[in-house]
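I have placed the structure first, in the form of structure tokens, so that the comments after it can refer back to it.
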Amino acid sequence: MSTVLHGVQVILRPSTSADIPALAAIRSTPEVYARWRGGDDLVAAVAEDLEDPGARSFTVEYGGEVAGAIQWGAEEDPDYRHASIDVYLDPAVHGRGLGADAVRTLARYLIDEHGYRRLVIDPAADNAAAIGCYRKVGFRTVGIMRRYERGPDGSWHDGLLMDLLAEELSADS
């Protein structure tokens, strides 16, 4: 994958092994670790994410610096074809609209270049900031996925399934 995507504020470029230290440092922040985890060796966890054949990973750049990662995967069965998105950003850049810009930029690429008609995203049901971000892009709530994901403490918590149809993608803000 060699595609570089340009958002209003961010650049999404294919992740490389050179990004692993910066992405592991972001993943180690309490805010990101609580949602993405990765065990005791975050360098290995990020490397494993980048090698996952089912996910295509982009590094999110802001101001020439690594600000996070965004990845996508796909269900290619023609009767159910859609793509999914996951994203994390450095808490130091939260609140600037970068998440919405990154998600919108990737969503536009998936719709325009890959022909997906539906996209899904599944934040933790208690992650109000992420949910608000995805709503700005045009994602709508489908429903609660009860006891969907295990948290770092071993307890199960709910996830929120959200989706976006191609015609619902909001314009850049």
Inset, instruction - Kindly indicate whether the side chain of Ser155, heavy atoms from C-beta on, has any atom under 4.5 Å from the side chain of Arg150. - result: no

Exercise. Check whether any side-chain heavy atom of Pro14 lies under 4.5 Å from a side-chain heavy atom of Val4, and answer yes or no.
Key: yes

Does [Y] offer a backbone N or O that forms a donor-acceptor pair with the side chain of [X] under 3.5 Å?
{"X": "Asp86", "Y": "Gln71", "answer": "no"}
{"X": "Gln9", "Y": "Arg96", "answer": "yes"}
{"X": "His82", "Y": "Arg117", "answer": "no"}

- Query: Going by distance alone, is a donor N or O of one side chain under 3.5 Å from an acceptor N or O of the other, for Tyr148 and His157?
  - Reply: no

Tracing side-chain contacts under 4.5 Å among Ile, Leu, Val, Met, Phe, Trp and Tyr outward from Val46 reaches Ile20, Leu23, Ile26, Val32, Trp36, Val43, Leu50, Val66, Tyr88

* Asked: Would Leu169 and Arg108 satisfy side chain to side chain contact (heavy atoms under 4.5 Å, CB included), going step by step from the backbone distance to the final call?
  -> CA-CA 8 Å; Leu169 180 61; Arg108 181 164 287 111; 3.9 Å; yes

* To do: Answer yes if Leu98 and Ile11 sit in the same cluster of Ile, Leu, Val, Met, Phe, Trp and Tyr residues linked by side chain heavy atoms under 4.5 Å apart, and no otherwise.
  => no

Residue pairs passing the side-chain hydrogen bond (donor to acceptor under 3.5 Å, both in side chains) test with at least one member in residues 58-69, sequence neighbours excluded, are Arg13-Glu61, Ser15-Thr59, Asp19-Thr59

Note: Leu119 and Phe139 closest approach over all heavy atoms is O-CE2, 3.7 Å

Next on the checklist: Please determine whether side chain to side chain contact (heavy atoms under 4.5 Å, CB included) holds for the pair Tyr116 and Tyr109, giving the CA-CA distance in whole Å, both sets of side-chain angles, and the decisive distance to 0.1 Å.
Outcome noted: CA-CA 9 Å; Tyr116 290 102; Tyr109 169 73; over 6 Å; no

In short, salt bridge (charged side-chain N to carboxylate O under 4.0 Å, His left out) pairs touching residues 22-33 with sequence neighbours left out are Arg27-Asp49

Residues pairing under salt bridge (charged side-chain N to carboxylate O under 4.0 Å, His left out) where one sits in residues 156-168, two or more places apart or in two chains, turn out to be Arg118-Asp163, Arg140-Glu168

side-chain hydrogen bond (donor to acceptor under 3.5 Å, both in side chains) filter on Arg81, not counting sequence neighbours, yields Glu76

Tabulate below the donor-acceptor pairs under 3.5 Å that side-chain atoms of residues 124-136 make, not counting sequence neighbours, or state none.
unit_1: Asp126; atom_1: OD1; unit_2: Arg35; atom_2: NH1; d: 2.7
unit_1: Asn127; atom_1: OD1; unit_2: Ala130; atom_2: N; d: 3.2
unit_1: Arg135; atom_1: NH2; unit_2: Thr141; atom_2: OG1; d: 3.0

